[in-house]
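To keep things clear, I will list the structure first and then write my remarks on it.
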Amino acid sequence: MITISIDGQELKAKEGQTILEIARENGIYIPTLCYHENLSPYGACRLCCVEIFKGGRSRIVASCLYPVEEGLEVKTNSPHIINNRKMIMELLLARCSQNEVIKKLASEMGVEQSAFKAKYLENEDCILCGLCVRACEQIVERSAISLVNRGVNREVAPPFLEPSADCIGCGSCAYVCPTGAIKMEDKDGTRVVYARNWEKEFKLKKCKKCGNYWAPEEQLEYIREKLNLPPDFFDVCPNCRESVP
Amino acid sequence: MDKLTEIRWHGRGGQGAVTSAELTALAAIKEGKFAQAFPSFGPERRGAPVLAFNRISESEHIRVRSAVTQPDIVVVLDPGLLYIVDVTSGLKDGGALIINSSKKLVDIKLEFGGPWQLAVVNATTIALELLKVPIVNTTMLGALLKVSDAIKLDFLLEPIEERFGKLAQRNIEACKRAYEETSVAEPSPTSKKVERAYAKESWPSWQELAPGFVVTEPGNARSYRTGDWRAQCPEWNHDRCIKCGICSLFCPEDCIRPNERGYPEADLYYCKGCGICARECWTQAITMGEEVKE
Amino acid sequence: MKRVGFESSFAIAEAVKMANIDVTSAYPITPQTHIVERIAQLIADGELDANYIPVESEHSAMSGCLGASAVGARTFTATAGQGLELMHEVLYVASSMRLPIVMSVCNRALSSPLSIWGDHSDVMAVRDTGWIQIFAENAQQAFDLTLCAFRIAEDPAVLLPTMVHIDGFHLSHVIESVLLPEVDEVNKFLPKFHPLYALNPSKPLTMGDFATPDLYTEAKKGQDEALRNSMKVILQAWREFGGLFERDYFPVETYRTEDADVLLLTMGSFSEVAMGAIDRLREAGEKVGLVKLRLWRPFPFDEFCQAVAQAKLLIVLDRAISFGGPGPVCSEAKAALYHLEKKPQIIGFIGGLGGRDISVEGFQDMIHRGMDKAEQGKFEEFEIFGVRG
Amino acid sequence: METLGIYVPRLVTKRQGFTPGHRACSGCGEALAVKLVMKALGRNVIVVMSTGCMEVISTQLPYTAWEVPWIHTLFENSAIVASGIEAGMKALNRKGTPLPKAKVVAIGGDGATFDIGLGAISGAFERGHDFLYVCLDNEAYMNTGIQRSSATPFGASTTTQPAGKVSMGQSTWKKNMPAIAIAHDIPYVATACPSYPFDLMNKVKKAAEIEGPTYVHILSVCPTGWRIPTDMTIRLGRLAVETGVFPLYEVENGKYTLNYDPPRLRPVEDYLKPQGRFRHLTPKMVKKIQQRVSVEYASLKEKAASG
Amino acid sequence: MEKIKSLQDLEAFRNSIAEKRKVGKPCIAICSGAGCLALGARGIINATIKEIERQKLKAKVDIKTTGCPGFCEQGPLVIIYPQNILYTHVKVKDVAEIISKTVINGEIVDRLLYTDPTTGEKFIHESEIPFYKKQRRLLLGNNSNIDPNNIEDYLALGGYSALAKALFEMTPEQVTEEVKRSGLRGRGGGGFPAGRKWESCHNAPGEPKYVIANCDEGDPGAFMDRALTEGNPHSVLEGLIIAAYAIGSHEGYIYVRNEYPVAVENATIAIKQAEKLGFLGKDILGSGFDFTVRINRGGGAFVCGESTALMASLEGKIGEPRAKYIHTVERGLWDKPSNLNNVETLANVPLIINKGADWFNGIGTEGSKGTKIFSLVGKVNNTGLVEVPMGITLREVIYDVGGGIKDGKKFKGVQTGGPSGGVIPESMLDIPVDFDELTKAGSMMGSGAMIVMDEDTCMVDTAKYFLTFLEEESCGKCVPCREGIKRMRQILDDITEGKGKEKDIELLERISATLKDTALCALGTTAANPVLSTLRYFKDEYEAHIKQKRCPAGVCKALIQYYIIDEKCVGCRLCEKACPVEAITFMGKKKPVILDQSKCIKCGICKDVCKLGAVGVK
Amino acid sequence: MDKKVTAIIDKYDADRGQLISMLQDIQAEFHYLPREALIQVSETMGIPLSKVYSVATFFKAFSLKPRGRHLINVCLGTACHVRGASKVLEQIERSLDISRGETTNDFKFTLETVNCMGCCALGPVVNIDGEYFGQISAGKVDSILNKYS
């Protein structure tokens, strides 16, 4: 066990935990946009930056990545940190000038308007936090989408911006997206997963018994092949299946 | 003073220990004896360990109403309880311990033998075969009949009929069959109870309670084991598992988490064995196996 | 300090304003309405910055206070009679959760028949709810004791809800002169409320748990200790109040009891009337005195015994009836004295029910009747004073 | 509507304010509902809970399963305690005591909501407090042992209105609590069921974000009271929705949206049959229930269609 | 060639090479460094080969293509051995003359000698030239003596003796200790003590361990790593093998940017040759130590100079950096302990091992030891690579070595440290070249680019240039870097277009502060340096742009006008022909040309082509 | 195409760490990265296509579009910049009527920029098909381009 202090609170932590984890465990709010507890930390949004004090010197680090160490002193709300967070929000607000999530978060941090000239404001939804890409890679293990291009031209997309053969339509990307840049809709037996520049459509399987559409055929086929299940295994939805072997 | 037989029933919420005790008392009263039946009242829930009690006197009104702490007979409806509750606590020398278990008498004796009569019956199997449900209340009554003459089958029939209606006959069959299949070992007066460590709850003093009985340590219920309630245990077949996480989302205990290899695993400290995960798994990768303790 | 003419209800509202409460959650009922109406007006005029929750019942009035107090807000409400009865269940929760809510109760009779007038039936019915209960006798006291109530209730060593009782109509609707202190002085006496525990996401707490037989007893023991120990704080608070504002309050107050053989025991607004009777009897040379119970809960055993032990006869006036039993104050008095070797005889009267007046003459009469009954040895009898035969 | 599929569940937060070690019955749908509600709400909430199963199973002294500020006072008053908390926080904030942002959430069972606490809820809705009320509806007083409430559906056998030789169990139709909430003109009312976890979490999240009183009604399957095997909890919830017995819908500022509208409803029998509490029902009774469900569903659909 | 299996074998082999070379054949060494190639060295080489063949001298004369000696401005460079005569600006037509006159007859071709631009003095030998005089060419010195594709050249000059010494006379710990004691600091930019890095990597748990030579020289304006890898690849390789030995690594990588095809080729050949002779592979020189090296090519990303990004790209991933809260020496390539050194750092290692830490220690300043190679470029007379001892002042480098500012213009500033560095003004030219001093001045050592700017350089434009560069090179991972640099560039766009507002400067400073504090990697955290340093030393220039809408240096298009200086114009009409938009019209002899401002796109071609300086800027 | 790609992959023992080198080689072979080649790399190496695509689009050296016969690289390094590289670039853009990153309609030229070729002493530098042209000015551009027509 390690003892650290966050905003003056003495806290216990385990070796290898990050500052952000400890803060969350103890109800200390640190804003983030690219962190998800079930995915590997990425450190891209920099909103979670905190000030640490070690040996009389202070340093600013990304709390989602910084491993705690004995005696570490952390401040999550120093004026320094608040100024930086505000600037990051201003930058994001300039990129996503119409996005409600970003607008709301910015306003929570006291940023109502970006200081940048109106002609430069963009109307993006994606903040390139990479959560979708990580979810697809680490949870779904499909890597159907990735971060393509570099720098200011970066975007999240499937290869060649075409419907990816690797995508099984699980919707993890849409679920994990903090700003609604990726969306998923089920309608009339069809599922669409889409973002500004790409989309993929899936036919949903109809349960033989109850007649409900319940999952994309591609997804079921993927599971079936992966586990070598009989062809009729998914003819009925789990709800209509009565016996458990 | 009249002979007083005291019985303590150990079961799980929903398993029928209270019903067993009630039927026992009714049978004794029918026979002309004086009897009591009462549960240990508490907020415990389906699956949680519960207690029920009987007192049977040949000819006198019984005035004692407190819990039975020094029973003549202990009946254990769920074999898993043996390891989490000290069932023989206070059991009188020369008394009887009746256990529902699929294990053999000799094996049980090694662990739970003592200066008391030991009876074992595989009541769950009997109940499943005859009643189609793992509720062993009437089945265990058969075992009780075999060990003790505190009640008699003839007087038990009517209460069973009243209680179960259409299902009475099958319950009586279960009772009779258990009577036949119960194996009994005589007390070995010299043998000692095998001591084992049971979780003991320690209670704070009044000074230790915060003003307003506020609990200041958030989520300290994490230290409370509910895994004891489990009669069945989920098992994951990794060949069938795609690590999709549905099982974890539907777990009311929120105790299913991926292991290092990403496969879901139930934290058995909390898992109550409800079986939702097995039922909801798309690929039928989970089965509910019999709970094996130790 | 300025002197104004105020209804007691307004005096209380003024005290509440000076206490700068955060929330009131209240429901109208006669004879309490003037208090909350006045508070509502003060809020409406911007003189008091507080949230008024206009609830749908007294049960909810108290529940609203529970919630607000649980986040650390200073809360106040007022009620009377039936309202207090409807709150009953919640009163226990407030005290056992140690939420320092302050409430004015305009003591009122209970139905049925419906009566909106004063007596102590409602007070006595909530005697065992674990609240601190204080009686006021006039508008000034209503003001003073309401301020004191906040100070006492919120003391970290106390943290108990507190009722200040004023008699319905006899006090609530009577205009009298009241001395109002300056706000700064009040602030000196009554610091900001710092709750020991409060609902706050940055420090999560669980309040209001469920206890099995294994812990309920311990919980109640703790609560009882708290109420008993509040006595020290009450004394301290009143002492400080006296130092600042030159009006002294004690759990048990006496009037011309020196060398008195016969004592009358009263509570609330009738006490001042009874003082008139004592004066007249003293003038007539009778050795009588008056004992007033200011603090009803926690019961001031020591102070009470000290005040009455030397007398030969104690006449107790109960303004509530305990059907089939002794008057509640009377039985409490008897119980308090029981262990003493030297103690007065006790005669109990029940009177002033449902707003029935007792005049100075009435009290003279009551004292004499008491003395007569004592002479006759009719100690077990509980006469309902002034009841028509 | 429902984005549940494979893998997405693994992205649902592990952390929530309601921990394991609670003492709910094995297979409890209500505990599952609370778990999901708390996952949706995050940490910045204050929970007020009515007396009932969830209170008893989660806060047995000296333990608590809550990692958020939580308070229970009585059975019937959680809506008003919530009002008090909200008013208190507002006043304190206004007067300079900085408090972390927190949504007040009152949670009560069907007894607390439909019956004993209805007045307090109505008052709090009418006064417009900024709070979320969550009703965990398991259709009877389960905490005390399966007694009927006004949420108990027609035909269900309960211990205070049992099926018997001359009784068919509950003889009245379930009170339409969401409609009562809607009648208060509050900004958001929704129905949900843990069998549709993402729908539930979305609605709770939405309700928590909206300022003003909001109401989420959650059908929480009770294996003990409904007399079903413990592993059937999720399935029964789905059947309730798929048969139209418990339609999932939301009403935002008066506008109805039907969240799950299958081309064809299952017959109610599919839902009634597995449950012990309906075991005694005659085909005639089932038909009667079917008719009522069809009519109500149609009327709901109409409302959704007219926007 | 056979594998060398022992120390004795090595000495024997070295002696045999020396034996071969005693003959003293004349040799024509032609620089084939990138600079000379760009100036036509390929033609010289081909012509020389042809000429030798034509004159049938193949047996008598050696031709050698060598690495870059650094004096690129004067290229193509040819040196004639054994006299050591340096010819500059050699053209194809000069080749025959060089061979017949100098090689055969030992005569000097005067016209091809280096002439000092200021004094007019001519120099025959390299070492006499002022450009070289103040240099201390420990690393670069051999470049003109070595054919990089011939390991024997390296061995003849004592190559691989340091490796032999390390393997046979020293323990890995002793090697590390020696490097630690030498005070050698990383030449890639950070200046971290190399020995300490090795030690940490050696001590870090985990196997295998990797060593990596960083030749992803992304710093625009710097090319010393290229010169070393191309010109003397074995010195780098030897350093890398010694590092591997000290650390306990058996696998190494040389990461070369793909823009350096010659470097890739030469390093590949060097590895093959070293493997063949047993300097690489199993049981090196019979010592029992195994080590293999692979070449990895970069894909063109400045950010890959950052250690974690470099390692990511070594793993076949995109070159995105990660936070270094756990250092790469503990968890780097494939999550294993990895030691990354810059090429120049590694090239120093054999010297240190051979001559000892104390010798190395004696060169340089208190905090910065040894020499540093700079690429001295921009508006300076002698552009090229210069290797100077640490501690020399900037003024000495620019004026003594660099020969001062071109065309007699006024010095304005020198940018050091590349895009992450800053511009140092005239007033600070006397600070010594030293890791810490440069940092104090708001710039940094960086990899060693030194870009000299004269009065015609606009500082706002320079800052904008760097931001444009960084905007393009930012990997795009973290918000402050990706978005912040873009926004800063936009603001500078506005300023250079005359649309700047006064509060823009404050906004630039605010963004800079956040970048510095919160960006993920050094690219981001230092990205604001060019802006901050120019703001610090040249704020007046910003203000001129914002307040007076004027570009004092005459660079920012929107704020300048080209005009014809009538007095100078003779009406040659070159400009008229060159103008892409027909903005210039010939008006006859008296008033020769006029420039139509409404058409002018300010491309500046007219000014370029005018030989009389008759095009002005205002 | 498969065979050429297979040969390249084999050359690097299908080592994932050499992905960038492989892509370099493929590009050297085809002058750009053909879609099919990327798919083949992904399938043979067992690397998700999205990752290969990601790498191919991250690094500046790679082009997913077919390129012209002559590849012009204009150095925009600092040394070249201060000596007027941007003017040179603009002139080439004007002359060829394309922007940087584009290919002329006749597929003769592709114009790209590079942030330093390491010929800093000779800036501005332009490289056409591997051949360096040092000390270029905008005025010299057309004569150089003419060499390639």
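As a basis for the values below, the full set of heavy atoms in this structure was taken, side chains included, without hydrogen atoms, waters or symmetry mates.
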Honestly, the part of D:Pro223 sitting under 4.5 Å from a heavy atom of chain B is both
Interface check, chain D: of B:Gly245, B:Pro218, B:Pro252, most non-hydrogen pairs under 4.5 Å belong to B:Pro252
Under 4.5 Å to a heavy atom of chain D? For B:Phe213 that would be both
Is the closest basic N to carboxylate O distance between B:Asp254 and D:Lys39 below 4.0 Å?
yes
Honestly, the part of D:Ile71 sitting under 4.5 Å from a heavy atom of chain B is neither
(Q) Between the side chains of D:Arg238 and B:Glu280, is the shortest nitrogen-to-carboxylate-oxygen separation below 4.0 Å, so that they form an ion pair? (A) yes
Applying a strict 4.5 Å limit to non-hydrogen atoms, the region of D:Pro62 in contact with chain B is both
Honestly, the part of B:Cys277 sitting under 4.5 Å from a heavy atom of chain D is neither
Okay, B:Arg222 and chain D: the region with an atom under 4.5 Å from a heavy atom over there is both
Per-residue tally against chain B (heavy atom, under 4.5 Å) across D:Gly17, D:Pro20, D:Gly27 peaks at D:Pro20
Okay, B:Glu217 and chain D: the region with an atom under 4.5 Å from a heavy atom over there is backbone
Are more than 12 heavy atoms from other residues, nucleotides or ligands located less than 6.0 Å from atom CD of B:Glu235? yes
Subject >> Atom CZ of B:Arg257 with >12 non-hydrogen neighbours under 6.0 angstrom >> reply: yes
